[in-house]
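Below, each value reflects all heavy atoms present in this structure, side chains not excepted, and no hydrogens, waters or symmetry copies. All ligand and atom numbering here is 1-based and tracks the order in the structure.
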Amino acid sequence: MRVDIITIFPEMFAAFFSGGIVRRALDKGLLEVCVHNLRDYTHDRHKQVDDRPFGGGEGMVLKPEPVFEAVEAIKKDGASLVYLLSPQGQRFDSAMGQRLASAGQLILICGRYEGVDERVSRSLVDGELSIGDYVLTGGEPAAWVVVDALSRFIPGVVGKDSSVRRDSFFQGLLDYPHYTRPRLFRGMGVPQVLFSGNHAKIDAWRRRQSLQKTLTLRPDLLEKLELADDDKELLESIIKKGKHHEPDSNGRKQGTED
Ligand code: 4GX
């Protein structure tokens, strides 16, 4: 898969590519990311990308010509997807990450200033994406988030184990708690079941923890789900025991849990 990023701060992306799983995906050739400087698509001496808003008011607006020219120069074919990062966009989530990862080419436009000339949204892009309800100083951090999250959906980028777990978030539940050594840390133990060696039992415990956490912290996620019958039973037993009202592992409860 290829991602093209259009920005006036191309140097901001260096750290993002320099380590971790994204770096490995780039090295392996599973992902190709090209960062383009919007100023390269201007024709004036000052490489001007922004201008004052018609109608007056504060701030500057990204001009349409360089953005259109950049996309037209970069776009490979009609199947490529073009998105503008903006707080007005559709909320980016795991399902959209998966959809975007199946495109051959994704072009992301990072806006700055007060925004981008509306004709970009009106007739250049396939849509606008928002990573959340807050205002960033520019679209660049949002583009990192989108590329990072979708890279995990490219086959071969993450190992088998994490893709199973990724599937479990894809199924819409929060992750179960994880523990490693030491067995006792500052008086806090590890759930006994994890030492049982009984993998069916461990899987059942993890599933129950996932459901319980989701019910406590993100009941909105459960509402969207079609649960299997055994999950429904687990959920009912959690509710009956009132477990979802107890502090979870983020709470202050200490010691070995059951
Ligand atoms: N999720 N921002 C974009 C400038 C801008 C404004 C309007 C296009 C239209 C953001 C977010 C975000 C701040 C990036 C404003 N560009 N992007 N920028 N939240 O807050 O994606």
For the student: nearest non-hydrogen atoms of S18 and R23, plus distance: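 Shortest heavy-atom contact: O-NH1, 3.0 Å.
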Do any nitrogen or oxygen atoms of [X] come within less than 3.5 Å of a nitrogen or oxygen of ligand 1?
| X | value |
| --- | --- |
| Y134 | yes |
| I131 | yes |
| V135 | no |
| L136 | yes |

Atom 6 (C) of ligand 1: the protein heavy-atom neighbour that sits closest, reported with distance to 0.1 Å: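 Going by distance alone, atom 6 (C) of ligand 1 is nearest to G115 CA, 3.4 Å.
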Residue, atom name and distance, where the atom is the protein heavy atom closest to atom 18 (N) of ligand 1: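 Atom 18 (N) of ligand 1 sits closest to the protein heavy atom G111 O, 3.9 Å.
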Ion pair D220/K224, N-O distance below 4.0 Å: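 K224 and D220: not salt-bridged.
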Test item: T7 and M12 side chains (from C-beta on) under 4.5 Å apart, heavy atoms: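 Heavy-atom side-chain distance check fails, nothing below 4.5 Å.
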L129 to ligand 1, any heavy atom closer than 4.0 Å: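 Yes, that is the case, since the closest heavy atom of the residue is under 4.0 Å from the ligand.
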Any E114 heavy atom less than 4.0 Å to ligand 1: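 Yes, E114 has a heavy atom closer than 4.0 Å to ligand 1.
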Pairwise distance CD1(I239) to CG(L211) - rounded to 0.5 angstrom: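 It is 9.5 Å, given to the nearest 0.5 Å.
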Euclidean distance, L31 CG relative to I21 CD1, rounded to 0.5 Å: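 So the CD1 of I21 and the CG of L31 are separated by 12.0 Å.
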Q88, portion touching ligand 1 at heavy-atom distance under 4.0 Å: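 It is the side chain that gets close, since no backbone atom is under 4.0 Å.
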